[in-house]
Structure formats: structure tokens, C-alpha cells
Protein chains: 2
Amino acid sequence: MPRVTLNDVARVANVSAITVSRVLRHPDQVSEEKRKRVMAAVQKLGYVPDLAASRLASSRTHMVGVIVPTLYNVIFADYLLGLHEILVPAGLQVVVVNSRYSQDEEEAAVKTLIGQRAEAIVVAGIHHTALARRLLARSHMPVVETLELTDRPLGLNVGFSQQSAAAEATRRLIAGGRRRIAFFLGQLDDRAMARQAGYRQAMAEAGLDETIVQITGLSSVRLGSALLSRLLEDAALPEAIFCIDDNVALGVLQECRKRQIRVPDDVAVVGFHDLEFAACLSPSLTTVATRRYETGRVVAEKLVDAILGGTALKPAQIDLGFEIVARESG
Amino acid sequence: MPRVTLNDVARVANVSAITVSRVLRHPDQVSEEKRKRVMAAVQKLGYVPDLAASRLASSRTHMVGVIVPTLYNVIFADYLLGLHEILVPAGLQVVVVNSRYSQDEEEAAVKTLIGQRAEAIVVAGIHHTALARRLLARSHMPVVETLELTDRPLGLNVGFSQQSAAAEATRRLIAGGRRRIAFFLGQLDDRAMARQAGYRQAMAEAGLDETIVQITGLSSVRLGSALLSRLLEDAALPEAIFCIDDNVALGVLQECRKRQIRVPDDVAVVGFHDLEFAACLSPSLTTVATRRYETGRVVAEKLVDAILGGTALKPAQIDLGFEIVARESG
DNA sequence: TTGAAAGCGGTACCAT
DNA sequence: ATGGTACCGCTTTCAA
């Protein structure tokens, strides 16, 4: 199946190859007559330019690579939307690669994106394999690490302190008079680890004992339900439960309902992320609002400046912060 | 910033360029001594092959393009996971492009993917612009349409009948003695339209009046809550509410709780998709289970056969069906 | 096992 | 405004 090439179009339109190329990229540099002939030929043949050839000749790919650990979590959808909304209108394509919470898959993704000669790489998180770090550092391309803060950024770093956010939320519960506060989580990925550290820090500051309940697995509503059941198997109900995220918190709320446990009277429940449903649950969910969408936008704006301006991305750290949103659940 | 090329590696390793290429792709065809020298040079220089050049020379891209309308809906995460799990081990890269529920953006995505010379295109849905259809038909590449069934498939078609599923769920409510049944939805995308048609069909069959409440927007928990509030502004509570999906259903359940409306005693609530949380809500949610993950796997298996086997994708229609899951809510 | 040369499909550069 | 030519970085012959 012979593919339609620039030369095929040129032959049909009876012009040179370069003229076809110009019609497609700078139509105003070509006379109207030839332009029409070329466009007609393009239509007729169903010609679509080969981006690999274009990239090889021009060394432009118009492509930004974005590595995320999962697509199961709405927070990444928010974040990708923010990136998308700025990059696409600027003529840059967003290529999403899923690393499935594996540093090795992340390394593979980095190789792929460098191999594709992406014009920038945006990666969620700050922990990478040594080789991935080395490749990114050498790649001479703009690199952005997001959603956490790091002391040794590879380039730009936009996010917030997961640990401070968790510590702050825990301190608030303590200030509200709750003493026995449990921390519920699923898998211990980087961000979960940072939040757990924040919880432990706040508990230690107040001289309180930790209660950490973990069942490995992606965070989910079902997981929240299971975590509460697990805890109640061999312990009394705590005064508060701080959940790794809102999905888990929703599961806890459902399980409380099933067991006739009153929230917040019997137990306070706090989530993380302020997903869209948090405000309209009954009771509404107290949580930590994070700025995923803004993160995407800020990153994208910096990248557009750097890529289209042809300047290097200035290394910097941008802390977008977080906010504790107090609602009915605790 | 001069990029490291195959020739740079060859020079450092003191071999020819083609030998470096062989070491990277067919290591067993090269003597151990040279192989070691080459690998050392690759490491030292941080060489990453240019995929555009490779593609141009070999006409293989190892890339499958997948177009989805949104990343906000977990059903697409399930579906992508199924695709991922088969394609990646087979050495094929999954490139996800978001069309944001726009046929024009879908057409742009098709152009991009054809331009990238993806080895196959998988698109969610069966409605496309005329040009997108034409380009796909001409592209000579395997094309798969998913998650719905169509009479005129472009190639392979894997999914289920959204309309039948919705009609079936509605009939079940009717059979349970419910008469005044409302249908709640957000935006009227293709799949929403098909489900609405199923609801109307079942209501018409039974000679019942329709009550359709719509507020444009992505489906969400908040939307479900708003839809019930809207309905109750100028109508009595119906006997049942069939929601466009489980998120909306969850919103309805929360709003019911807030208003002290008992489910299923006062009103039955039915969702769509059987998302992970449906089973552990209280009351648990009756819904229509759909097979997103299996869809992804089946599609991927067929593609692997076609691409690696070098055979054309046999046009066919695969109906994966659906299942009504009766739980406490209705 | 190894290498030289041609060429994949475009674009940059320089003429005309 | 238009075209000729070299070349982007790699792989595919084909020969040695």
C-alpha cells in the first residue's frame, strides 16, 4: 500500500515538492493559483504529511511529553486539562505516557519521549531512577517536575508540599480536640509517603500515638470501606480518620453509614484533594484542596514561553500551596 | 546543543554506524567484543535513538493511537488499562489523544495519528466527521471503533448497544411496578443520546410518559445532586430515577439523604457502568455493568495479531454485552 | 560478522 | 514566487 507523499501531491498539482510544502506551512508565500491546485491535489489524494520526516528535516516536533503515574485518579485529569488548555492553542501536542507508579516504566517513558525528541518533558513527582535523572539532565530539553516540591530540581518544579499539607490537616484535627487520630492509606507511592510523613510529624509534635491502617492497592471507595472494617476488627473507633484522599474518605463515610456510626459526632473524617463530590456529600467532606488544574496551567505557560521564545527554561521552584477546606465531616 | 547520534557512538566505539544499530536491535548478530565497546559508548554518551529517523528508515513506528473523548471518566481509564496491558508487552506503544467530546478535535487527532504513521487507530465511538471517516478508510491501517455498535464499521467494531442496555434497565424498573420514571443526564454526547433513546423506547413500549431532566455539563456527583433539585422545583418526586451514569446516581443518593428521601422506598435510583464504588455505597447502587476493561483487551489482542502477524484486520463486529446488576437502590 | 551506499519524506538554504 | 539540492539520523539492501 503505497503511501501518499509530498511528491505525489506535487506531481498531481504539477508543481515542485517544495511548493507543496510551502502551501501547507506558509500559504501566503505562494500564488493563489498554485495554492488552489495544491489544495485540490491534497484533498483528492487524502495526503497527510509524515511528521517523522518533517521532524527529521526541521528538528521541530511540536510535542510535549507528559508522564503520569495513573489515569485512574481524577487529579491527573485536572492537571492534564490545565496543560492541554494552554499547550494545544499554542500549537503544541500533548503526549501522555502512563508510568503505572513504576520508576522503571517512568524511565522507559523518558527514553521514549527523548527518542521522539519531545520539546519538553513534564513528569509528575520528584523521584526518578538514576538513569532517568541523567538522561533528563543531559537532554538539554526543558524538564518540569510537578505536584511535589524538591530540593534538587532537574529544571522547573511546580507543586506544593504534600507533607506540610498533611501535617496541617492533622494539626487542625488535634486543635479541634481529637486525640486518637488514624491515618488510612492504600499503596505507599511517593505522594502517599509524603502525606504519611506529615501525619506522623503532626502526631509526634503533639505527643500522640499513631494509628496507621494500610491495605495495598489503588485508592478507591471500596478501599476506604475496607480500611475502616479492618481497623474495627481489633480496635475501638478512633476520634478522627485522616484519609489519603477523598475516594477513601467517601468509602469511610459509606461504611460509617452502614454501621450507624455518626460523622462527625462519633468520628471526624477528613480527605485530601477536594474532588468535585466532596462538597455535595452528606455530610459534606472536610478535605485539603490542591491545585492540580492551576499546576497544569502554570507549567504549560512557562513551557510555551520557553519553547516558542526559544529561551531555556529558567530553573525555579513554584509553590502553589494548598488549602484546608472545613466542612461538616470534621 | 548537538544531539548525540548513532555516528557519534560509532566514532567513540570505533565501529561503523550500522554496527551500533545492530547492537541495539539484534545484539546476537554482533561479536561480543564490539558489542561491549558499543554499549559502553552508548552509556557514556547517553545516546537515545531518534525514533523519527528510525521510523523514516524502517517504516515501523510501534505505535498505536487511541482517541478518547475525555480523561475525566474512569470508564476510559479501565478501557485504556485493558489496551495497555496487552499492547505494551507486545512492544507497542500506546499514544492517547483526547478529543474532548468534539468531532473536530477528533478529526485533528486522526490527522495527527496518521501523520505520525501510527500502526493502528482505536477510536471510542462510531460518529465521526466525513473527512475523518475518509482519512481513516484510506489510511490502510487497522481501525477499531469501540464502546458502541454500528451498522457501518470502518474496520473492527467492539462494544455493546448503549441503547439496548438503557432500554433493558428501564424495562426492569417498569416490571418492578414503577411508573413515573425520570431520566437524568448531563451533556448529550453520542453515548448519552443512545441511552436516552433506550429509555424513551422502553417508556413508549409501556405507554408511559417520559420525564427527562438535563443540565448540560460533564457528568459528576454535583450534577446528580443539581438534577434532583431541579426536578423537585416544579414536580413531585418520581417513583424511579435512571441516571446517565453512576456519578450522577451518587449525587442523587446524596441529595436524597439531605432531603430525607428514602431510597429505594420513596424512589428507586439506578446508575450506569457499575463503577467501583457502586457496590459499597449505602444503599448499594443498582446499575448496568459494562465491560470497558475487556473491550480494551479484546481490541488489543486483535491488533497485536494483525500488526505482528502482518495481516489485515478482519472487519467484524464484537458485541461484549452488558449486565443489569440489581442492588439495594432499586 | 562487518561495512558502504542508497534512500525513507520532508525542509533549509540558496539560486533563479 | 518558485525550484534545485543537500541533508536530517537511521535502516535496508548488498557486498566483502
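Just so we're on the same page: letters track the sequence lines, and every chain starts at 1. Values below: all heavy atoms of this structure, side chains included; hydrogens, waters and symmetry mates excluded.
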Is it the case that the side chains of [Y] and [X] hold a donor-acceptor pair, with the cut-off being a distance below 3.5 Å and no angle test?
| X | Y | value |
| --- | --- | --- |
| Gln116(B) | Gln93(A) | yes |
| Glu145(B) | His128(B) | yes |
| Arg133(A) | Thr129(A) | no |
| Ser31(A) | Arg35(A) | no |
| Ser99(A) | Ser102(A) | no |
| His62(A) | Arg60(A) | yes |

field: Members of residues 41-53 of chain A that approach DNA chain C, where some heavy atom sits under 4.0 Å away
entry: Tyr47(A), Asp50(A), Ala53(A)
Proximity to DNA chain C (any heavy atom under 4.0 Å), residues of residues 11-39 of chain A only: Ile18(A), Ser21(A), Arg22(A), Arg25(A)
Quick one: pull up [atom1] in [X] and [atom2] in [Y] and give me the separation to the nearest 0.5 Å.
| X | Y | atom1 | atom2 | result |
| --- | --- | --- | --- | --- |
| Thr146(B) | Phe160(B) | OG1 | CZ | 10.0 Å |
| Leu131(A) | Glu107(A) | CG | CD | 4.0 Å |
| Asp319(A) | Asn157(A) | CG | CG | 9.0 Å |

query: Around Asp28(A), counting heavy atoms of other residues, nucleotides and ligands shown, do more than 12 lie under 6.0 Å from its CG?
result: yes
- prompt: Which residues satisfy the side chain to side chain donor-acceptor pair (under 3.5 Å) test with Glu294(B), sequence neighbours excluded?
  reply: none
- prompt: Below 4.0 angstrom, N of the basic side chain to O of the carboxylate: do Asp78(A) and Arg291(A) qualify?
  reply: no
- prompt: Would Asp8(A) and Arg11(A) pass as an ion pair if we require N to O under 4.0 Å?
  reply: yes
message: Does Thr70(B) form a side-chain hydrogen bond (donor to acceptor under 3.5 Å, both in side chains) with Tyr101(B)? I'd like the steps, not just the answer.
response: CA-CA 7 Å; Thr70(B) 181; Tyr101(B) 284 108; 5.2 Å; no
task: Walk along DNA chain C from 5' to 3' and tell me the first and last nucleotide with an atom closer than 4.0 Å to a non-hydrogen atom of chain B.
output: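 That gives a stretch of dT1(C) to dG9(C).
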query: Which of these, Val68(B), Leu113(B), Thr112(B), sits in a side-chain contact (heavy atoms from CB on, under 4.5 Å) with Val97(B)?
result: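 Answer to the side-chain contact (heavy atoms from CB on, under 4.5 Å) test with Val97(B) among Val68(B), Leu113(B), Thr112(B): Leu113(B).
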query: So what is the end-to-end bend of the helix from dT1(C)-dA16(D) to dT16(C)-dA1(D), with 5 pairs used at each end and the value given to 10 degrees?
result: 30°
task: Name the first nucleotide and the last nucleotide along DNA chain D (5' to 3') that come under 4.0 Å of a heavy atom in chain A.
output: dA1(D) to dG9(D)
